[in-house]
Amino acid sequence: MEEFQLRIYSILGMLPTGETISYGELAQQAGYKGYARQVGQLLKHLPKDSSLPWFRVINSKQEISFPIDSDAYLRQKNHLENEGWRVIGKKVKPS
DNA sequence: AGTATGGCGACGA
DNA sequence: ATCGTCGCCATAC
């Protein structure tokens with residue numbers, strides 16, 4: 001039963017512009033504490049046409065969870081910067 | 001059934 | 001700040 005994905009989707013969908021949330025927190029808020037990795041799995045398989053703000057999800061260290069050279073990293077970085085964050089390396093800081 | 005691998009997290013050194 | 005180590009839970013061989 002993919003109750004999990006529904007909860008995650010809806011919570012993420014309600015996340016305001018300019019905010020971020022960690023994988024673990026997202027999971028927890030959905031009532032699935034300990035399911036951080038599954039959140040990652042879910043986002044990974046997100047349909048390309050999805051309107052969900054996947055880029056607002058970072059890890060608990062306030063970092064982008066992608067290798068610095070990957071283009072997934074770059075896409076996320078750009079999105080975050082467009083919403084007013086400063087991205088130094090993998091670190092995501094408020095501006 | 002055992003093992004490896006993830007868009008992770010918490011904690012200690 | 002950074003690096004290990006463990007714990008976590010689903011998926012894929």
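Proteins come first, then strands; the chains are lettered A, B, ... in the order of their sequence lines, and each starts at number 1.
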Worksheet entry | Most 5' of Gln41(A) and Arg37(A) on DNA chain C, judged by nearest nucleotide | Arg37(A)

Fill in: Spacing of Leu43(A) atom CG and Leu52(A) atom CG [to the nearest 0.5 Å]
8.0 Å

Worksheet, complete the sentence: Between the CD atom in Gln38(A) and the NZ atom in Lys44(A), the distance rounded to the nearest 0.5 Å is 12.0 Å

Item to complete: Can you tell me the distance, in whole Å, between the NZ atom of Lys90(A) and the P atom of dT2(C)?
Response: 11 Å

Worksheet entry | Side-chain donor/acceptor of Lys91(A) to backbone N/O of Lys61(A), under 3.5 Å | yes

Worksheet entry | Between dC9(C) (P) and Tyr32(A) (OH): distance, integer Å | 13 Å

Discussion item. Output the rounded distance in Å from CD (Gln5(A)) to C1' (dT11(C)).
Written reply: 15 Å

Item to complete: Measure from NZ on Lys93(A) to C1' on dA1(C) and round the result to the nearest Å.
Response: 11 Å

Item to complete: Anything under 4.0 Å to a heavy atom of chain A counts; send over the first and last such nucleotide of DNA chain B, read 5' to 3'.
Response: dG6(B) to dA10(B)

Item to complete: Quote, to the nearest angstrom, the C1' distance that separates dG7(C) from dG6(B).
Response: 15 Å

Practice prompt. Would you mind reading off the distance between Asn59(A) atom CG and dT2(C) atom C1', rounded to a whole angstrom?
Written response: 14 Å

Response to the item:
When Trp85(A), Tyr73(A), Trp54(A) are each screened for ring pair (Phe, Tyr, Trp, His ring centres under 6.0 Å) with His79(A), the one that passes is Trp54(A)

Worksheet entry | Approximate separation, where rounding is to 0.5 Å, of Ser50(A) OG and Tyr9(A) OH | 6.5 Å

Discussion item. I need the CG-P distance between Leu26(A) and dC9(C), as an integer number of Å.
Written reply: 17 Å

Item to complete: Measure the CG-CZ distance between Leu42(A) and Phe4(A) for me, rounded to the nearest 0.5 Å.
Response: 6.0 Å

Discussion item. Roughly how many Å apart are dC13(C) and dA1(B), using the C1' atom of each and rounding to a whole number?
Written reply: 12 Å

Item to complete: Measure the distance from CD on Gln62(A) to P on dA1(C) and round it to the nearest whole Å.
Response: 11 Å

Worksheet item: Got a second to check how far Ser22(A)'s OG is from Gln28(A)'s CD, nearest 0.5 Å?
Response: 8.5 Å

Practice prompt. Any chance you could measure Tyr32(A), atom OH, to Ile8(A), atom CD1, to the nearest 0.5 Å?
Written response: 8.5 Å

Item to complete: Let me have DNA chain C in dot-bracket notation, would you? Count Watson-Crick plus G-U wobble pairs, both distances under 3.5 Å, and use [ ] for pairs crossing earlier ones and | for inter-strand partners.
Response: .||||||.|||||

Worksheet item: Can you name the side-chain contact (heavy atoms from CB on, under 4.5 Å) partners of Gln29(A), sequence neighbours left out?
Response: Ile11(A), Ile21(A), Glu25(A)

Discussion item. Classify Phe66(A) by what it touches in the nucleic acid, base, sugar-phosphate, or nothing, heavy-atom distance under 4.0 Å.
Written reply: base

Worksheet item: Which part of the nucleic acid, if any, lies within contact of Val39(A), taking any heavy atom under 4.0 Å across all strands shown: a base, the sugar-phosphate backbone alone, or nothing?
Response: nothing

